[in-house]
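Worksheet: one structure, shown below.
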Amino acid sequence: MNKFEQLGLNESLLLAIKDLGFENPSEVQEKAIPVLLEQDTDLVALAQTGTGKTAAFGFPLIQKIDTENRSTQALILSPTRELCLQITNEIKQYSKYVNGLHTVAIYGGASITEQAREIKRGAQIIVATPGRMQDMINRGLVNIKNINYCILDEADEMLNMGFYEDIVSILSDTPDDKSTWLFSATMPAEVARIAKKFMHEPAEVTVGTKNSGSATVSHEFYCVNARDRYEALKRLADANPDIFSVVFCRTKRDTQAVAEKLIEDGYSAAALHGDLSQAQRDGVMKSFRGRQIQMLVATDVAARGIDVDNITHVVNYQLPDEIETYNHRSGRTGRAGKLGTSIVIITKSELRKISSIERIIKQKFEEKTIPSGIEICEIQLLHLANKIKDTEVDHEIDNYLPAINEVLDGLSKEELIKKMVSVEFNRFIAYYKKKRDLSGEKGDRSERGSEPREIRAGDPVRYFVNIGSRDDFDWMQLKDFLKETLELGRDDVFKVDVKEGFSFFNTDGEHTDRVMSILNGFSLNGRRINVEISKNEGSGPSSGRRDHNGRNSGGFGGGRSGGGGFGRERSSALRGGGSGFGPRKESGFGGRSEGRSGGFGSDRPGRRSDAPKSEGFSSRAPRRSESFGDSPRPRRPRKD
């Protein structure tokens with residue numbers, strides 16, 4: 001007997017389940033479905049993304065709908081357009097043998113008139129995003145005053161996205177005696193508040209421990225210098241030849257930059273962020289679901305609601321501003337009982353965050369080192385050998401065998417194998433044999449704070465800046481100004497100390513190039529801002545200080561590089577001339593190499609992208625420094 005039959009589902013649903021190939025219910029389905037079928041009750045279900053929550057509420061909901069009644073009987077709220085459409089498609093698949101059941105998706109970015117027309121034709125189930133649903137209620141285009149069921153899917157994500165007021169308003173427009181089913185990965189205070197306000201003695205279903213991470217996801221971190229972050233990402237991709245991943249960045253700018261560099265370096269990648277049009281987003285997601293894209297680089301907001309099967313890795317290129325968000329990121333992999341890996345690339349100054357995440361997800365991270373070039377070459381060689389072994393032969397090639405045999409005549413089996421494998425392998429050897437080892441920066445948490453303070457890319461850095469209270473700044477105003485100007489997160493600027501004519505502030509070392517390139521030369525009320533790295537915590541710059549590249553800066557009066565005065569002449573590295581990735585023409589990191597034939601250029605390993613390099617995949621930035629994410633941005637225009 002199929003285990004779904006034991007849950008009490010009717011024949012039409014069991015037929016659909018058979019067509020879909022489902023054999024055994026997941027834990028949340030096994031716990032939630034019988035409760036929802038047997039009782040008219042409110043329910044709070046806590047389970048990680050990817051554990052089958054849609055079926056857990058979808059099957060009992062479909063079975064409870066009265067198909068003879070054309071009025072709206074159920075409302076499902078979801079955080080994003082992508083998830084809204086996905087839930088709608090799944091409900092339609094589950095109900096394919098249920099005659100007369102109609103499900104309509106309501107979301108922004110599409111014609112509200114057409115959506116209203118679909119509802120008027122008869123929609124027993126509405127799946128909606130909160131913003132568009134509230135808009136339709138305000139216009140009188142939908143009536144949910146008599147619904148029997150309201151489902152909040154991914155409730156914590158909806159609230160994280162600022163939909164609390166919309167949800168409260170929508171729920172207030174529904175009858176008190178309806179059944180409310182709340183499904184969420186975590187239970188933050190706002191979700192608990194919704195449950196308390198709109199639910200009456202709800203049944204509870206918890207899969208795993210509250211707010212814990214999925215047991216099918218392993219967690220590992222790699223500690224590198226900030227300047228090596230992108231190189232580390234590439235090596236991790238090369239060390240996992242079959243990677244199918246989401247790469248998370250904090251900002252839209254970094255997301256676009258990382259995606260563009262991956263594309264230039266021959267990887268099948270694309271960016272997903274809020275500056276893309278809906279058509280571009282749809283194109284990216286269609287290519288990703290079709291596996292034309294192996295590495296989807298996304299912001300947290302853009303990735304919310306993405307539900308794609310068989311994602312092998314989630315890569316945290318940068319950790320999120322809110323540590324709790326990590327749980328949602330890692331939930332993109334390890335779905336439906338399959339194993340997945342969540343990778344974090346961090347600098348030494350961020351190690352403290354690992355412990356915080358471990359407390360939240362109730363799982364331990366494994367510290368690993370970035371594979372060496374030789375290790376990557378070995379992995380790629382064995383991967384190629386297995387790929388050749390598993391390739392199915394198309395016998396249309398038989399017609400060409402005589403000519404091929406003539407060309408290869410005289411080669412032994414061993415020579416032929418070596419030459420065939422070398423066609424691909426030589427690119428990796430040529431690229432990696434001269435590359436340095438990135439594993440020198442160890443991240444042993446037991447060593448934190450034991451070394452004397454040095455200015456390193458990954459350590460906190462203190463700056464001197466020539467603005468202060470006489471420029472009408474107190475410490476809060478200066479912190480806000482710096483965050484806005486540098487486009488940093490709320491915790492990225494700290495230890496702000498304002499004096500009359502100058503001030504001090506700190507950032508993590510990964511932001512040093514950004515701070516120096518943007519602020520130096522920036523004009524505030526007609527006065528040029530100068531910023532310099534401070535050697536000590538509480539005073540202005542002293543004579544003979546060394547800059548963050550380790551060269552003598554010449555102190556306050558004498559210019560760097562032998563002249564020019566305070567901060568006038570910055571090193572070439574700060575201007576983007578020396579990114580650390582090697583010469584532009586040799587390594588190709590600064591621009592496209594000519595004659596690329598399927599790798600990192602003509603002599604560089606990588607994956608060829610089949611996805612079109614259209615605007616939807618990579619709208620090119622007007623200027624880009626040699627490396628990015630942790631490297632200098634182009635200087636901003638003067639504001640005077």
Side-chain angles (χ1 to χ4, degrees), residues 226 349 452-577 625 630-640:
S349 64
R453 188 186 185 283
E454 302 175 33
I455 295 178
R456 298 183 180 181
D459 289 340
V461 176
R462 190 154 181 83
Y463 308 88
F464 170 93
V465 63
N466 65 333
I467 53 176
S469 59
R470 72 183 181 191
D471 301 290
D472 296 324
F473 284 112
D474 59 23
W475 73 271
M476 292 183 66
Q477 292 168 329
L478 180 59
K479 182 173 182 177
D480 289 341
F481 166 76
L482 292 169
K483 287 191 302 180
E484 180 181 345
T485 303
L486 299 170
E487 295 186 4
L488 295 176
R490 68 181 185 183
D491 296 325
D492 291 332
V493 179
F494 51 98
K495 289 190 178 180
V496 179
D497 186 13
V498 176
K499 309 297 184 182
E500 182 180 356
F502 58 90
S503 302
F504 297 94
F505 66 95
N506 283 27
T507 73
D508 284 344
E510 65 187 278
H511 304 304
T512 296
D513 287 342
R514 179 181 298 182
V515 171
M516 301 297 285
S517 63
I518 292 177
L519 286 185
N520 272 316
F522 190 92
S523 184
L524 180 70
N525 298 326
R527 191 157 69 89
R528 287 171 64 88
I529 291 179
N530 288 313
V531 64
E532 186 171 293
I533 295 174
S534 173
K535 188 173 182 179
N536 50 55
E537 291 290 313
S539 63
S542 59
S543 176
R545 172 181 296 98
R546 297 175 69 81
D547 70 11
H548 76 290
N549 288 312
R551 292 180 292 275
N552 286 329
S553 66
F556 187 94
R560 303 181 190 186
S561 304
F566 179 87
R568 179 171 297 178
E569 181 63 31
R570 293 191 300 283
S571 70
S572 62
L574 291 178
R575 294 196 303 271
S625 52
D630 305 296
S631 59
R633 299 185 180 186
R635 183 179 297 175
R636 293 190 172 199
R638 295 167 61 97
K639 289 195 173 183
D640 56 341

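Remember, predicted model here, so these are calculated numbers, not experimental data.
- Using a 4.5 Å cut-off on side-chain heavy atoms (C-beta onward), L486 and H511 make no contact.
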L478 and V493: CA distance, side-chain angles, deciding distance, side-chain contact (heavy atoms from CB on, under 4.5 Å) verdict: CA-CA 10 Å; L478 180 59; V493 179; over 6 Å; no

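- Distance CG/N506 to CG/D492: 12.0 Å, rounded to 0.5 Å.
- If you take CZ on F464 and CD1 on I533, they are separated by 13.5 Å, rounding to the nearest 0.5 Å.
- A distance of 9.5 Å separates CG in N530 from CE in M516, rounded to the nearest 0.5 Å.
- In this structure, S503 and G468 approach most closely via the heavy-atom pair OG-CA, 3.5 Å.
- In this structure, the ring pair (Phe, Tyr, Trp, His ring centres under 6.0 Å) partners of F481, at least two apart in sequence or on a different chain, are F473.
- Among all heavy-atom pairs drawn from E487 and R514, the shortest one is O-NH1, 3.5 Å.
- For the side chain to side chain contact (heavy atoms under 4.5 Å, CB included) criterion with F505, the lone passing option out of V465, D497, V498 is V465.
- Between the side chain of N466 and the backbone N or O of R528 there is at least one donor-acceptor pair closer than 3.5 Å.
- We find the CD1-OG1 distance between I529 and T485 to be 7.0 Å, quoted to the nearest 0.5 Å.
- Looking at residues two or more places apart in sequence or on another chain, you find no salt bridge (Lys or Arg N to Asp or Glu O under 4.0 Å) involving D474.
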Criterion side-chain contact (heavy atoms from CB on, under 4.5 Å) on Y463 and F504, from CA distance to verdict: CA-CA 5 Å; Y463 308 88; F504 297 94; over 6 Å; no

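- Between L519 and L482 the shortest side-chain heavy-atom distance falls below 4.5 Å.
- The backbone N or O of S517 sits nowhere less than 3.5 Å from a side-chain atom of N520 that would complete a donor-acceptor pair.
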